Structures are given as C-alpha cells and as structure tokens.
Colleague: 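Before I ask anything, let me first share the structure, which is written out below as structure tokens.
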Amino acid sequence: MAIKIESHQNKIFKRVKGLNLRKNRDKEGVFVAEGLRFISEIPLDWPVEMFLMTEAFAEENGVELFENRAATYVLSEELFSLLSDTENPQGVLAVCKKQKEDREKIWLKEDSFFLLAEELNDPGNLGTVIRTADASGVDGIFLSKGSVDVYNPKVLRATMGSIFHVPVFQNIALDDISSEMKKRGISLYAAHLKGESLPYHLPLEKGCAFLIGNEARGLSQDAANLCDQWVKIPMLGQAESLNASIAAGILLYEVVRQRLR
C-alpha cells in the first residue's frame, strides 16, 4: 500500500531531497530517475529502492505496478515540486541503485567498441554522448577524473534512459585504460584537430575506441599521446571545431557504418 508523505520534515522526503547533491548520491550509491518515460526504461532486474509520485499521478495511473516493485510514496504536487529538478514535473520519480560496474566483463566481447572522454564537463553534452553511444552499440564508456557526474539530473535527462543500457565507468585514469586496450589489441584513436587521418580511412571493424576531449580545451597533450593515432573530422566550412557530442556521434557512427557494410 502506498504511504502518504505530508511534510517536508518527513525523513524519506529529506533523504530524497538530499540526493540533489553528488556527495549524498556517492555516499548512498543511489540516484534519482524522474519522469514516466525515463522510469519506463528501467530494466526489470535493476534495483529500485522506492517510487514517489503526486496524488494526481497516482489517481490517473494507479500505484499497483509501482507497489509490486518497491516501496511507493504519494505526496502533494507542492511537495513533489520541491523534489523535482524540472520546471514542469511529470509527477513521478524513482530512487535507483547506481550501476555495478564490472570492468572485466566488458572485455569479453570480441571486437569491442568503446568511447573515452577527458574532463567532459557539460551535463547536456555528456547525456547526449551516452544516448548516442547506446544507439550505436558501444560496449562501455570511460570518463576521466574531472568529468561531470553521470548521475547529475541534467545528464540523466539527456540520456533519455540510455544510462540503463550502456556501462559507464567514472573517475578513470586514462593511462590505465590505454594500457589495458593496448594489451588487448584494441586500437585507441584521439579526436584531434591536428589529426592527419580521417575516420573513414580507419579499420574500425576490429576492436577500437575513440577518445574525445573537453568542450572548451579539447584533449590534453598527455591524453592525446596515449592514443595510437590522431583523427580529424573534416570541416569544410569556417567553424573551428565541433560540439563534443556531435563529434562523438560522427565517430561512433562511422564504426556502425563500417560494421554494417
């Protein structure tokens, strides 16, 4: 049976409100998924701690499906708006466990395909990158130290639920991952304005990975030097560079194109 929350002093309310802060998400190992479309992407085997919803949402959609999966709480629209990170709340959110990263498992697939990012700071960019990586069949994403938290609410919204479909590893030492890929025969390519190769000329049907850089600074020299080759996306107009998520999409879908060929 759904439990009613009637005050912002309620301990469940205060706990969920506190998950707006990264330190609390990290401490508890959970994050907040908000909105019916986003929540509908949660796999059945993904651990969910609780659902919270407005009275109006509960009346319109019922609570039975939610109650069968996790503790369910109902609260007023006013209280829910204090928890929501959106301007127009949809009236439902879930507190979910974070991914359990199994780095060894992702190496098992033959001809693996990865994406690495150095200090990607914009939440919208990172979320879009994760969504694009999911769509293109990436086997794992590695984010360096200094990148925005993948469980930031703005990142999660931009993933459109893809956070549940592709493994994401945070606070990674890029030199460690580079060494691992070399050991496994996975070619690592840097997206770089000084690259001399075009992505269309790379052998991407075998194990490969792309490394993209910070939105403003691009790749550091140290990170670029970890790669086997620098790759440049051709730009025929006057723009000096591409948005990080757009660049990632172009590179990832060249892998898709070659593997579908």
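No hydrogens, no waters, no symmetry mates; every other heavy atom, side chains included, goes into these values. All figures in this text were calculated on a predicted structure; none of them were measured in a lab.
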Colleague: Hey, are the side chains of V150 and F31 touching, using non-hydrogen atoms and a 4.5 Å cut-off?
Modeller: no
Colleague: Got a salt bridge between K4 and E55, using NZ or NE/NH1/NH2 to carboxylate O under 4.0 Å?
Modeller: yes
Colleague: So do M181 and F142 actually touch side chain to side chain, heavy atoms under 4.5 Å?
Modeller: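 They are in side-chain contact.
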Colleague: Side chains of residues 62-73: which donor-acceptor pairs under 3.5 Å do they make with residues two or more places apart or in other chains?
Modeller:
{"from": "E67", "atom 1": "OE2", "to": "M1", "atom 2": "N", "distance (Å)": "3.4"}
{"from": "E67", "atom 1": "OE2", "to": "A2", "atom 2": "N", "distance (Å)": "2.5"}
{"from": "N68", "atom 1": "ND2", "to": "E64", "atom 2": "O", "distance (Å)": "3.2"}
{"from": "R69", "atom 1": "NH2", "to": "P43", "atom 2": "O", "distance (Å)": "2.5"}
{"from": "R69", "atom 1": "NH2", "to": "W46", "atom 2": "O", "distance (Å)": "3.0"}
{"from": "T72", "atom 1": "OG1", "to": "E67", "atom 2": "N", "distance (Å)": "3.4"}
{"from": "T72", "atom 1": "OG1", "to": "A70", "atom 2": "O", "distance (Å)": "3.1"}

Colleague: Could you state the interatomic distance from NZ (K105) to NZ (K100), rounded to the nearest 0.5 Å?
Modeller: 12.5 Å
Colleague: So do the side chains of E254 and Y200 get within less than 4.5 Å of each other, counting heavy atoms only?
Modeller: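 Yes - at least one pair of side-chain heavy atoms lies under 4.5 Å apart.
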Colleague: Does any part of the side chain of E180, heavy atoms only, come nearer than 4.5 Å to the side chain of I186, both counted from C-beta?
Modeller: no
Colleague: So, are R157 and D85 salt-bridged, with charged N and O less than 4.0 Å apart?
Modeller: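 Judged by the 4.0 Å cut-off on N to carboxylate O distance, R157 and D85 do form a salt bridge.
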Colleague: Does the distance from a Lys or Arg side-chain N to an Asp or Glu carboxylate O, for K154 and D122, drop under 4.0 Å?
Modeller: no
Colleague: Do T132 and L115 have side chains that approach each other closer than 4.5 Å (heavy atoms only, starting at C-beta)?
Modeller: no
Colleague: To the nearest 0.5 Å, what is the distance between CG (L193) and CD (E240)?
Modeller: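 CD of E240 is found 8.5 Å from CG of L193.
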Colleague: Measure the shortest side-chain to side-chain distance between K182 and D228 over non-hydrogen atoms and say whether it is less than 4.5 angstrom.
Modeller: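 Result yes, sub-4.5 Å side-chain heavy-atom pair found.
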Colleague: Applying side chain to side chain donor-acceptor pair (under 3.5 Å) to S245 and N243, what does each step give before you reach the verdict?
Modeller: CA-CA 6 Å; S245 60; N243 172 278; 2.4 Å; yes
Colleague: Between the side chains of K97 and E49, is the shortest nitrogen-to-carboxylate-oxygen separation below 4.0 Å, so that they form an ion pair?
Modeller: yes
Colleague: Measure the spacing between CG of D176 and CZ of R103 and express it to the nearest 0.5 Å.
Modeller: 7.0 Å
